[in-house]
Amino acid sequence: MWNRPRFDLKVRLTLRVAAITAACFAAISAYFLIAADRDAHARIDGVAAIVAKSLELQQGKIQWVAGPRDFPNLDPVAAYVMTPGLCLAFRGASGEMLQRFCSGAPAPASPPPQAFTAFYRSLFDPGREAARPVIVRGAKLGETVVSVDPAVQTAEAWHEAGRLMIALAIALPLLCLLVYAALARALRPTRLICTGLERIAANDLTARLPPFDLAELSAIRDGFNHLAESLDNALAERSELTRKLIALQDDERRHLARELHDEFGQSLAAIRALASSARQTAAQECPALLSECDGIARTATGMMETLRGALFRLRPPDVEELGLVASLEGLVAGWNGRSRGETRFTIQFDGAFETLPATISANLYRIVQEALTNAAKHAGATKVGVHLTMAVDEIALAIDDDGRPSDASGKSGMGLLGMRERVAALRGQMSFEVGPHGGSALRVVIPLAAAEPQVLEHAA
């Protein structure tokens, strides 16, 4: 496919109007030129006919009236038909020119341009002769020849059509400017439509278009607003469904944590107690079993530590009671303790988070928890920084690490998908980028209040 240049719609329509107008003006100019040439030849033919008739009368008078035989005599008829640049002549039967009479052609006040002269002479035949036979009593005595100076005929054609061409040269640019201005004014709402589409592409489904004067643009406006409203409703329903699914997931996690704590935790405690009792018995009756009893106790203790970590991840501390800041600080401190210096976790807060809704706090905690898990376990990061900023109408979360590039952390796994679902449930925006030389950046922006639908203002 060829890369065709993209013209602005106003420019394209203006060029088309200019081309059509120029074609119309050219057709009118051609009509005037053809008409002028036809009139010039008709006038020459008429003069030739008059001169031939006059010479026939002269010959008849010579034959019937005694007098000097002055034939042909073009002076009497020349006084009536001569015009500037006109030539009268009589050519005998043998082909020789017996008499020729021409009037001078004054220099025109505004001579035609050389380009027009060359163009006119290439299309027409100025100066073409018109001949009429002189017949007396059935005998051809010769013929009258009438012609016009080509310069005079060209000047007359320029006088007829040249003014129209000058008017075209002046009117066409003005017409293009007027058409372009009218199109620019008529198509001004397209900028509003483009702005609205950009807002829709940026997930701002509150964008609405105002009424337009043109029926076509009004139809686009109705379709745009209907689509934006439908998308907004669909996103709201999806967010509500996601919120319910997340709430159900959290309830299931709490239920699973409670079951593990009550059942599996008590079983591990019982194993530890039985291992301790068996060790006391083995110490008195069979010392060889002491090592096995100690191994069972250590295994049970390790399993209890693992269970305690799993319970912490399944059922984090009550964010609503402790607050988001304290919960996240405890989460970061726990990761620093478990990493044993392999990964350094830091967290910064900017703003007051005491009035943050409980739903947002809980979801933010889960998002940070999942992001830290990905950075520490999947990306192999050595430094992980968390920065939480509280603004008037939104809360921004930024998590950066120096993990390995092209790893599982950069893929859309279950952890990243879960974070996206939580952000979508809060009507927020999330972006995740992996650097070419390592490291990743997670950005989350969550609005604190739903914005009212706004109508785009008219562009200036």
Side-chain angles (χ1 to χ4, degrees), residues 202-203 235-254 256-257 309-310 312-317 319-320 324-325 327-332 334-335 338 343 345-349 353 356-381 383-391 394-435 438-448:
N203 294 327
L235 183 59
E237 294 175 358
R238 176 178 176 272
S239 299
E240 181 63 20
L241 179 60
T242 304
R243 187 190 64 79
K244 291 181 180 180
L245 291 176
I246 292 175
L248 181 62
Q249 184 185 47
D250 291 341
D251 292 340
E252 187 65 23
R253 285 182 174 181
R254 284 192 293 268
L256 180 60
F312 180 81
R313 290 189 295 272
L314 289 173
R315 188 177 182 181
V319 179
E320 187 174 356
L324 180 63
V325 175
S327 300
L328 290 179
E329 288 178 344
L331 177 64
V332 171
W335 272 108
R338 288 190 295 274
T343 305
F345 297 86
T346 59
I347 188 168
Q348 295 180 352
F349 298 95
F353 299 87
L356 197 63
T359 303
I360 297 180
S361 299
N363 282 283
L364 279 175
Y365 182 89
R366 286 294 189 183
I367 292 172
V368 174
Q369 184 185 38
E370 187 64 39
L372 296 184
T373 301
N374 290 340
K377 292 187 175 182
H378 302 303
K383 294 181 181 180
V384 182
V386 181
H387 190 190
L388 201 61
T389 304
M390 182 77 165
E394 65 181 20
I395 182 169
L397 171 65
I399 302 178
D400 300 279
D401 64 71
D402 60 350
R404 297 184 299 271
S406 303
D407 208 274
S409 59
K411 300 178 180 178
S412 182
M414 296 301 296
L416 192 60
L417 180 60
M419 287 188 286
R420 291 189 186 278
E421 290 178 350
R422 291 183 181 274
V423 173
L426 299 176
R427 305 297 295 271
Q429 297 180 1
M430 171 182 163
S431 63
F432 183 82
E433 296 181 357
V434 178
S440 61
L442 175 69
R443 298 291 183 268
V444 176
V445 178
I446 297 175
L448 297 180

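- Taking all atoms of both residues into account, the shortest heavy-atom contact from R443 to A398 is NH1-CB, 3.6 Å.
- When side chains are defined from C-beta on, L426 does not count as touching E421, because their heavy atoms never get closer than 4.5 Å.
- R422 CZ to E370 CD: the interatomic distance, rounded to the nearest 0.5 Å, is 9.0 Å.
- Atom CG of N363 sits about 12.5 Å away from atom CE of M419, to the nearest 0.5 Å.
- The shortest side-chain heavy-atom distance between V325 and E329 falls under the 4.5 Å cut-off.
- E394 approaches V445 most closely through the heavy-atom pair OE1-CG1, 3.3 Å.
- Here the side chains of V384 and D402 are not in contact, with every heavy-atom distance at 4.5 Å or above.
- In plain terms, the two heavy atoms of L356 and S361 that are nearest each other are CD2-OG, 3.5 Å.
- The side-chain contact (heavy atoms from CB on, under 4.5 Å) search around T346 returns R344, not counting sequence neighbours.
- You'll find the side chain of M430 reaches within 4.5 Å of the side chain of L442, heavy atoms only.
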Stepwise side-chain contact (heavy atoms from CB on, under 4.5 Å) test for L331 and Q369: CA-CA 7 Å; L331 177 64; Q369 184 185 38; 3.9 Å; yes
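- Atom CD1 of I395 is separated from atom CD1 of I360 by 7.0 Å, given to the nearest 0.5 angstrom.
- To the nearest 0.5 Å, atoms OH (Y365) and CG (L328) are separated by 7.0 Å.
- Here V332 pairs with N336, F345, I347, L372 under the side-chain contact (heavy atoms from CB on, under 4.5 Å) rule; sequence neighbours left out.
- Counting all heavy atoms, side chain and backbone alike, I399 lies closest to A371 at CD1-CB, 3.5 Å.
- Between the CZ atom in F349 and the NE2 atom in H387 there is a gap of 9.5 Å [rounded to 0.5 Å].
- For the pair L364 and I446, the minimum side-chain heavy-atom distance is below 4.5 Å.
- Smallest separation of non-hydrogen atoms from P447 and G428: CD-CA, 3.7 Å.
- A pairwise comparison of heavy atoms in V423 and Q429 identifies CG1-N, 3.5 Å as the closest pair.
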